[in-house]
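Down below is the structure, laid out as structure tokens.
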Amino acid sequence: MMYDPTGHLLLTPVDNDAPARVQRLRRLGLGEHADPAFDAFADRLAEVTGAPFSMVNFIDENRQFFAGLHTPAGAPSGAELGAAAAGTGVSRYMDRDHGYCPHVVVRRKALVLEDVCDYPRFAGNPVVDEIGIRSYLGAPLIDRTGIALGTICVVDTEPRPWGRPGLETIKSLAAELVAQLNRREDGGI
């Protein structure tokens, strides 16, 4: 575990790959603009998993950007979400020290948190209090160069028994999106 000089547990992992990731994201034209194809992918994530929130997330040194975003019916659409987010607490941008995706990117492994409150390291994350997130399922998007560009993830405000089936689903969907990114880079999309 990492601690800061005052002895507090650091909730966000040190990300030594961030500079290379940012360069790669810029070359690919990702991480700055919402994309209808990523929104559609986020919609599919929500449909497949039954989660109310889902994201296609690209991460730089300071923030996370949800290039694809699905919110529950009746909540503001991704285009309407701003800093206030009309009570949902979700927008296209999130600080790097909020949420669980930075852990997935640094670890380069999928993460299942059926109830974030069961894990002291994760229960103290700001999204628990600010947004009410109680469960998380995410997988890294590792491109052909070996860089973890970001994640796909789903979250819920209730604990969820994701289990191994959820883990396998999110990993399979991440591989599918990476294949789409590769085709996009090759000019196929």
Side-chain angles (χ1 to χ4, degrees), residues 13 15 17 21 24-25 28-60 64-73 75 77-78 81 88 90-94 96 98-116 119 122 125 127 131 133-186 188-189:
D15 185 358
D17 294 335
R21 177 180 319 104
R24 181 74 173 137
L25 288 170
L28 294 171
L30 300 172
E32 293 291 327
H33 306 286
D35 185 316
F38 294 143
D39 281 339
F41 197 89
D43 290 343
R44 186 161 162 251
L45 280 170
E47 181 181 328
V48 168
T49 63
F53 296 93
S54 60
M55 294 76 126
V56 175
N57 185 12
F58 298 111
I59 301 174
D60 67 20
Q64 304 174 65
F65 176 70
F66 303 125
L69 178 64
H70 173 88
T71 58
S77 71
L81 290 170
T88 67
V90 177
S91 73
R92 289 278 179 178
Y93 295 96
M94 185 181 290
R96 193 178 160 278
H98 286 56
Y100 310 106
C101 291
H103 295 271
V104 172
V105 166
V106 169
R107 291 176 30 166
R108 302 171 58 85
K109 292 182 180 178
L111 177 64
V112 178
L113 300 171
E114 294 181 345
D115 186 343
V116 297
Y119 304 89
F122 297 115
N125 196 286
V127 298
I131 306 172
I133 299 302
R134 287 292 302 273
S135 60
Y136 171 90
L137 178 63
L141 298 170
I142 301 173
D143 80 347
R144 63 175 62 157
T145 68
I147 294 175
L149 301 173
T151 67
I152 59 168
C153 69
V154 296
V155 297
D156 201 336
T157 56
E158 301 291 330
R160 294 282 299 262
W162 305 110
R164 179 145 311 271
L167 179 66
E168 294 306 319
T169 297
I170 202 77
K171 288 167 55 175
S172 174
L173 289 165
E176 182 180 317
L177 186 56
V178 167
Q180 288 181 22
L181 292 172
N182 289 339
R183 287 192 301 275
R184 180 183 282 209
E185 184 178 21
D186 294 340
I189 292 181

Donor-acceptor pairs under 3.5 Å, side chain of residues 43-53 to any protein atom, not counting sequence neighbours: which ones?
residue : atom : partner : partner atom : Å
Asp43   : OD1  : His70   : ND1          : 2.8
Arg44   : NH1  : Glu176  : OE1          : 3.4
Arg44   : NH1  : Glu176  : OE2          : 2.3
Arg44   : NH2  : Glu176  : OE1          : 3.2
Thr49   : OG1  : Leu45   : O            : 2.8
Thr49   : OG1  : Ala51   : N            : 3.3

Residues passing the salt bridge (Lys or Arg N to Asp or Glu O under 4.0 Å) test with Arg108, sequence neighbours excluded, are none
Partners meeting salt bridge (Lys or Arg N to Asp or Glu O under 4.0 Å) with Asp35 (sequence neighbours left out) = Arg184
What residues form a side-chain contact (heavy atoms from CB on, under 4.5 Å) with Val116, not counting sequence neighbours?
-> Tyr100, Leu113, Val128
For Arg24, all residues meeting salt bridge (Lys or Arg N to Asp or Glu O under 4.0 Å), sequence neighbours excluded | Asp143, Glu185
Counting N and O atoms only, with roles assigned by atom type, does the side chain of Asn125 sit under 3.5 Å from a partner on the main chain of Gly99, one being a donor and the other an acceptor?
-> yes
From CA spacing to verdict: side chain to side chain contact (heavy atoms under 4.5 Å, CB included), Val178, Ile142 = CA-CA 7 Å; Val178 167; Ile142 301 173; 5.7 Å; no
All ring pair (Phe, Tyr, Trp, His ring centres under 6.0 Å) counterparts of Phe41, not counting sequence neighbours = none
Can you tell me how far SG of Cys101 sits from CE of Met94, rounded to the nearest 0.5 angstrom?
-> 8.0 Å
Leu173 CG to Leu141 CG distance, which is reported to the nearest 0.5 Å = 10.5 Å
So which pairs with a foot in residues 141-182 pass ring pair (Phe, Tyr, Trp, His ring centres under 6.0 Å), sequence neighbours left out?
-> none
State the CD1-OG1 distance between Ile133 and Thr157, to the nearest 0.5 angstrom.
-> 7.0 Å
Please answer whether the main-chain N or O of Ala148 pairs with a side-chain N or O of Arg21 as donor and acceptor at a distance below 3.5 Å.
-> yes
Spacing of CG belonging to Asp39 relative to OG belonging to Ser54, to within rounding of 0.5 Å = 9.0 Å
May I ask you to test the Asp60-Phe65 pair for a side-chain heavy-atom distance under 4.5 Å?
-> no
Nearest atoms (heavy-atom pairs only) where Gly166 meets Leu137 | O-CD2, 3.5 Å
With the side chain counted from C-beta on, respond yes when Ser135 and Glu114 share a heavy-atom pair under 4.5 Å apart, and no when they do not.
-> no
Which pairs, with at least one residue in residues 163-185 and sequence neighbours excluded, count as a ring pair (Phe, Tyr, Trp, His ring centres under 6.0 Å)?
-> none
Determine, step by step, whether Leu181 and Phe38 satisfy the side chain to side chain contact (heavy atoms under 4.5 Å, CB included) criterion, reporting the C-alpha distance in whole Å, the side-chain angles of both residues, the deciding distance to 0.1 Å, and the verdict.
-> CA-CA 10 Å; Leu181 292 172; Phe38 294 143; 3.7 Å; yes
Student check: side-chain heavy atoms of Gln64 and Thr151 closer than 4.5 Å = no
Check: Ile152 main-chain N/O paired with Asn57 side-chain donor or acceptor under 3.5 Å | no
Any donor-acceptor pair under 3.5 Å linking the side chain of Arg144 with the backbone of Asn182?
-> yes
Which pair of non-hydrogen atoms, one from Ala139 and one from Ala174, has the smallest distance, and what is that distance?
-> CB-CB, 3.8 Å
Is Arg92 reaching over with its side chain to a backbone N or O of Phe66, donor-acceptor style, under 3.5 angstrom?
-> yes
Minimum side-chain heavy-atom gap Asp15-Asp17 below 4.5 Å = yes
Considering all heavy atoms, the nearest Tyr119-Val112 contact | OH-O, 4.5 Å
Starting at CZ of Arg160, measure out to CG of Asp115 and round the result to the nearest 0.5 Å.
-> 12.5 Å
